[in-house]
Amino acid sequence: MNLCFSWTGLPRRRRRASDLLNHGIEDLANGFVVSVKFDANLVSRVQQANDIVDVVSEHLRLDKKGKEFVGLCPFHQDHKPSLYVSPVKQIFKCFACGAGGDVFKFVQLRENVPFPEAVQRLGERAGIDVSIAERPANEQGSQADPKQIARANEWAMKLWQANLADKDKGGFAREYLERRRISVPSVRQWDLGLAVEAWDGLRAAARQRKIPEAILLQAGLIVGGAEGRTYDKFRNRLMFPIRDVTGRIIGFGGRTLADDPAKYLNSPATVLFDKSNCLYGLHHARHEIVSSGVAIVVEGYTDVIMAHQFGCRNVVATLGTSLTEGHARLLRRYAKRIVLVFDSDIAGQEAANRALDVCLAQKIDIGLAFVTEGKDPCDFLLTAGPEAFGSMVDHAVDVLEFKWRRLVDRIEACDNLQDRKTLVEEYLRSIALMERMQGRDPIADGLIRARLREITGLSDAQIRDQMRRYARAGRNDSVAIRNQRVVRYDLGRGYYAAAQAEVLEVLLNSPGLFAYIPAGFAAEDFTVPILQTIVRPMFEMLRNGQELTEQALLRQIEEVDAASLVLALRDEGRRKGHYQERLKNALKTVEQYIREKQREKMLEGLDGDNDAELRRIQELRPPQKQRHPGMRAR
């Protein structure tokens, strides 16, 4: 278990000096990096090794549309594919929330990490060494660091794997796996391990490695007890590491190997782990889900492992919870259809009914399959085989059929008129939700009314009125969900701010017009901070004779909002056209602004008796009614 941590007392990883720009390391004296700038060639290598379509596809389902790919934007509540990915330009852009940029910016936004860490993650993905020195944990304050928690989880997984492989410690757990017929390759593929029956097995091992307890507490690997003491969270349990779609270990599930009443135990909520937004097995299943268009959702860890062991590789599981909106949103990025697999008992029927309404609200095509004879999917696969499991999934019932069967069964078991009325109203609310989210189907609508007439005795007109009433109520009760991330830019105020944006809009579309930019006009003359962030690398590239491509410019920009603005300015400039005329007008405004600033500066240090100097300053003053052709003040 030779895992490197950046915690106090342990070696910290650093980049080789040859891979860092000299001015990029501001302070290494105290053992940490304040600011990191990678060598441009290294960043370019990492970018070229990570095709943006492949990277984005690991996070959401993309469909081909002309020369581009489209998908549901993960940065806001997207119901109509708004995210466009260009394999030619290697950029992405959402036309709803405004997010956009290159592959680095996608990872920055998706994983909520700074630019250096995005470079590092993509480097690791491509097998390129881009490790950097990091600030020690005791200098980072008490706030949980997601990266260090992920490393603590990685270390814990390796410790538990060693326990399972140990001849003496792991014998009982290995016997359990054999009884459950989980193969050795599956044990390795899913990184299963063993938390021994001890209150401080992991804690003592961490102390030997000088891993701070604070990190273990933040990761949920140990918990606090009476009198401030701490002890292991997981004891005498078979351990299932839980990974996110990038493969990072974000938490654990533990299955008791004794008679603990808590059969399964999950990690507590951390900065990395929230079980209502995580699915077990998605890291392994996502490619097959995208390829087949179908995601199969089961309830248990061993159900997922056994399904994959039998070749059903599009299976995932919730983590001891009912299906949530977070699960549905996550699956919707990859799958066109979701099949929910439940036990056929009453509890399974109720769980299915709850999950249906969640999926309907997310506009997902869903089917329901029920495992017969009281078995769970793991046992069903072992006894009936993968073909029977596949047939069960293929014959999953749709929403309308399930809801109708449920209504009929419950009405037959009910002899109270008011209760029957309540059941019908519940059914109509679900149908109204389905029509609102998936559109009205006249054939299904007629079938519903015909069936309801049989069991209620109401006329067709009365049923229509009731359905319209619930549809209206649903619309009134719906709450608009605000975008998680809608880009807003502060582009300054006045004609000069508008002129600065105009210059960038023109040059992003017609970089050859840079020849008209005065030699003395520099990035420092841009007063809008976010525009200065863009213009600095842009002017440097153009003055050095480099080709100004979106891909090359975005590689030089670390801030995600600035990267999104590059694409917004490009699109706005393209819409307006007339590049040469607009640049000429913008430069006139720039020149007038600079002259006015020079005049104000000279007036500050002027001796009031110097007539010659006053006349010279007066010449710098713009006309009283100065026009700004083509400029609209912001």
Are any of the side-chain nitrogens in [X] or [Y] under 4.0 Å away from the carboxylate oxygens of its partner?
X	Y	answer
R337	D365	yes
D260	R235	no
E58	R125	yes

- request: Could you pull out all residues at least two apart from S86 that satisfy side chain to side chain donor-acceptor pair (under 3.5 Å)?
  value: none
To the nearest 0.5 Å, how far apart are [atom1] in [X] and [atom2] in [Y]?
X	Y	atom1	atom2	answer
H284	N314	NE2	CG	14.5 Å
L319	Y264	CG	OH	12.0 Å
F234	N266	CZ	CG	7.0 Å

Qualifying residues under side chain to side chain contact (heavy atoms under 4.5 Å, CB included), relative to P268, sequence neighbours excluded: K233
- prompt: Between F273 and F252, is the ring centre distance below 6.0 Å?
  reply: no
Residue pairs fulfilling salt bridge (charged side-chain N to carboxylate O under 4.0 Å, His left out) with at least one residue in [range], sequence neighbours excluded:
range	answer
residues 190-199	D191-R243
residues 172-186	none
residues 45-54	none

- prompt: Taking only residues two or more places apart in sequence or in another chain, which ones pass ring pair (Phe, Tyr, Trp, His ring centres under 6.0 Å) with Y334?
  reply: none
